[in-house]
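Below is one structure; the comments refer to it alone.
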Number of protein chains: 2
Amino acid sequence: MDQSDATASVRGERKAPATIYDIARHTGFSPSTVSRALNKPGRLNATTERRIRDAAEELGYRINPMARALPTGKTGTLGLVVSDITNPVYFDLVRGAEHIASEADSTLIFADSQESARLERSIAERLQTSVDGLLLVGSRLGDQDIRELSSVKPLVVVNRLVDGVPAVVPDVAPGIEAALGALRERGHRRIAYLAGPEASWMNTLRWQTLFDLAVSWGLSIVEIKSTEPTRAGGAEAFQRIVAADVTAVFAYNDLIALGLLRASRDRGVAVPESLSIVGFDDIFGADLPTPALSSIRSPLGELGERATRRLLTEIDGAPAEAGAALPTRFIDRESIAAVRS
Amino acid sequence: MDQSDATASVRGERKAPATIYDIARHTGFSPSTVSRALNKPGRLNATTERRIRDAAEELGYRINPMARALPTGKTGTLGLVVSDITNPVYFDLVRGAEHIASEADSTLIFADSQESARLERSIAERLQTSVDGLLLVGSRLGDQDIRELSSVKPLVVVNRLVDGVPAVVPDVAPGIEAALGALRERGHRRIAYLAGPEASWMNTLRWQTLFDLAVSWGLSIVEIKSTEPTRAGGAEAFQRIVAADVTAVFAYNDLIALGLLRASRDRGVAVPESLSIVGFDDIFGADLPTPALSSIRSPLGELGERATRRLLTEIDGAPAEAGAALPTRFIDRESIAAVRS
DNA sequence: CTGAAAGCGCTTACAG
DNA sequence: CTGAAAGCGCTTACAG
């Protein structure tokens, strides 16, 4: 229900917020002095600073960030645009970014491109004029678009590499190697990769890394398309997985893996006895089903921290420091087992 | 790894973005005319409008929303602050809000208060000067704080009622009644409510509604505290649930319910045979465990739409239209069963 | 230590 | 239909 009526008491009574001019009038100082008192503590006569601060407090003054941004060019806020704010993958990344942003006294705001490249572009452009820098995670944009955005304001992409733009990505190899190794030890020889969106850079990286390793180990490996990177997409691929006659499958992400897991159970294919499944990302919920999903986890929190730090240095024009690799690791739960002989 | 070097190519080459003055110079018209051409299509000589638009395009002009906001007081953006952006509960709500915002050509930005009232207040204050209105969902703030925020700019609270401020909340009764009814039919007489945060208005509403109904039906009902509204909090409460000697428990939310479910299984208490569990919110993942969680679902998407529409009318100063009730409903999956005789 | 002035990028009465 | 001017709220050289 709406609580429509209670509203009347507030409506229309909104008083214009106090400005530095109000404080100036109130204290007899000039607006310049007020501005200094509020922004450069210690640079003024202590008592005038005191009086101005008190007046500000009394009048309920809050700085107008947009008015400040005009002369300074700095908004004090960072933007994080994700391809799908509704995807649990990004939770830790968000936390990491928040952590660093707050250390730097920047406000972090989020925007959601809802998996649409068109929307992503317009949101990023829009946001760009209102923030000091942008974090683009899981971007669906083309390299050229990203480069153009990057040329107008500091920007760092996460989980993707684009020539000429700062990026931070995890090292997927360790996790994949551990998972594939665990499978090989358990006798698996025929493996499938259930792919993600073709436009996803990360999808290509995962597939390529897995492919190279499997080949070098003499395992057979096939890529199987999925319709969408969701549980529905995973379920939909079930028949094609079965038809491919593999004993184990890597899924592009946990959503797909979860969908496949469920479909397998529903259609009577036992996981992990008849089919081993490993996902990517270790999202919220991966440990919920029976069997719990084994998954390759990115150090998302650190990715978020690193990316934000990178963005901050980019904004300051400071040189970027090289960072250590951010290795993925394999979280082995219950969805893989020895192949039946 | 960081891709530090590739960056050099971009660094420092950022050209100042084009302004309407650049366009003016470029076309020979005045800035006022440029402004009009860009904002009031049709009000100008068609060919001058054409030429100005072409020049804008050519120069890669993008309006500076903050500069525009100063004289107009309108930013064209709406803010949504959630108590925990990492909680799957809000997914549908976000989608609903996005839907309405985009229909109104407003940009929706998000901010996360990380379950901290202090942070929530400062973020809300900060954001308020940069948006046309604010949506506060699952606020941890006191009524008075919310009222103060509401007095400076349009604001609507979601999932909570505060005297004097526009709000939209679901009707929890139908879902609770259906769930409790299902339990009663199956012979349950002793019920527990595993509570959420005391500061949560929604927690109080759920408990109160459940309590009143149980009492009126002659069922016994107890409230059991939890340490936090998470899976860990649910697991931690397991022993107290067992000690309370109830046959069914309602959990404040699905996170708690999921934690309890898992703890029960781990400690050898069969769900639903020995203990029936029902959660709230039907979040992502509720259907994943075995048994799948039965849960009371809010029409979150509609809540988000409704709240955003309400905010928009508040911004326009239009009168609010009363809305129909937004009933919850019971999604009965596998976590409840008849009490063993 | 403090103030007057110019400027950030835009909009909008007010004239013409 | 178009332009000159004032103003939105702030900051920051430049003087004093």
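Sequence lines set the chain letters: A, B, ... in the order given, protein chains first and strands last, and positions in each chain run from 1. The shown structure was predicted, so the numbers you read here are calculated from the model rather than taken from an experiment.
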Is there a side-chain contact between Phe29(A) and Arg36(A) in this structure, where contact means two heavy atoms from C-beta onward sitting under 4.5 Å apart?
no
Find the distance Asn45(A):CG to dT2(C):P and express it as a whole number of Å.
5 Å
What is the pairing partner of dA13(C), taking Watson-Crick or G-U wobble pairs with both distances under 3.5 Å in any strand?
none
Under a 3.5 Å cutoff, is there a donor and acceptor pairing between the side chains of Tyr90(A) and Ser83(A)?
yes
Atom-to-atom span, CD1 of Ile20(A) to C1' of dT12(D) - whole angstrom:
12 Å
Who is the Watson-Crick or G-U wobble partner of dA4(D), with both distances under 3.5 Å?
none
Rounded to whole Å, the CD1-C1' distance (Ile63(B) to dT11(C)) equals 9 Å
Looking only at dT11(D), dA4(C), dG7(D), the nucleotide nearest the Pro71(A) side chain is dT11(D)
Under 4.0 Å: is that the gap between some side-chain N or O of Asn64(B) and OP1 or OP2 of dC8(C)?
no
Working for salt bridge (Lys or Arg N to Asp or Glu O under 4.0 Å), residues Asp84(B) and Arg95(A)
CA-CA 10 Å; Asp84(B) 178 6; Arg95(A) 285 278 120 95; 3.3 Å; yes
Counting any heavy atom closer than 4.0 Å, what does Thr19(A) reach on the DNA or RNA strands: base, sugar-phosphate only, or nothing?
sugar-phosphate
Once you apply a heavy-atom cut-off of 4.0 Å, does Phe29(B) come out as touching a base, just sugar-phosphate, or nothing?
sugar-phosphate
Roughly how many Å is it from CG in Leu59(B) to P in dG9(C), rounded to a whole number?
14 Å
Would you say Ser35(A) reaches dT11(D)'s phosphate, i.e. side-chain N/O to OP1/OP2 under 4.0 Å?
yes
Write down the distance between CG (Leu38(B)) and P (dT11(C)), rounded to a whole number of angstrom.
8 Å
Please figure out whether Leu44(B) or Ala67(B) has its closest DNA chain D nucleotide nearer the 5' end.
Leu44(B)
Taking atom types as modelled, find out whether Thr107(A) and Arg126(B) have a side-chain donor-acceptor pair closer than 3.5 angstrom.
yes
Can a donor-acceptor pair under 3.5 Å be found between the side-chain atoms of Tyr21(A) and the base atoms of dC10(D)?
yes
Test item: side-chain donor near acceptor, Asn45(A) and Arg50(A), under 3.5 Å:
no
Let me know the distance between NZ of Lys74(A) and C1' of dC8(C), rounded to the nearest Å.
14 Å
By nearest-heavy-atom nucleotide on DNA chain D, the more 5' of Ala69(B) and Thr33(B) is Thr33(B)
dT2(C) phosphate, OP1 or OP2, under 4.0 Å from Thr48(A) side-chain N/O:
yes
Contact class for Lys40(B) (heavy atom, under 4.0 Å): base, sugar-phosphate, or nothing?
sugar-phosphate
In whole angstrom, what separates Arg51(A)'s CZ from dT2(C)'s C1'?
13 Å
Using heavy-atom distances to pick each residue's nearest nucleotide on DNA chain C, tell me which of Gly42(A) and Pro31(A) is more 5'.
Gly42(A)
What is the distance from CG of Leu70(B) to P of dC10(D), rounded to the nearest Å?
9 Å
Select base, sugar-phosphate, or nothing to describe what Arg36(A) touches, counting heavy atoms under 4.0 Å on all strands.
base
Say whether, by atom type as modelled, one donor and one acceptor occur between the side chain of Lys153(A) and the main chain of Val131(A) under 3.5 angstrom.
yes
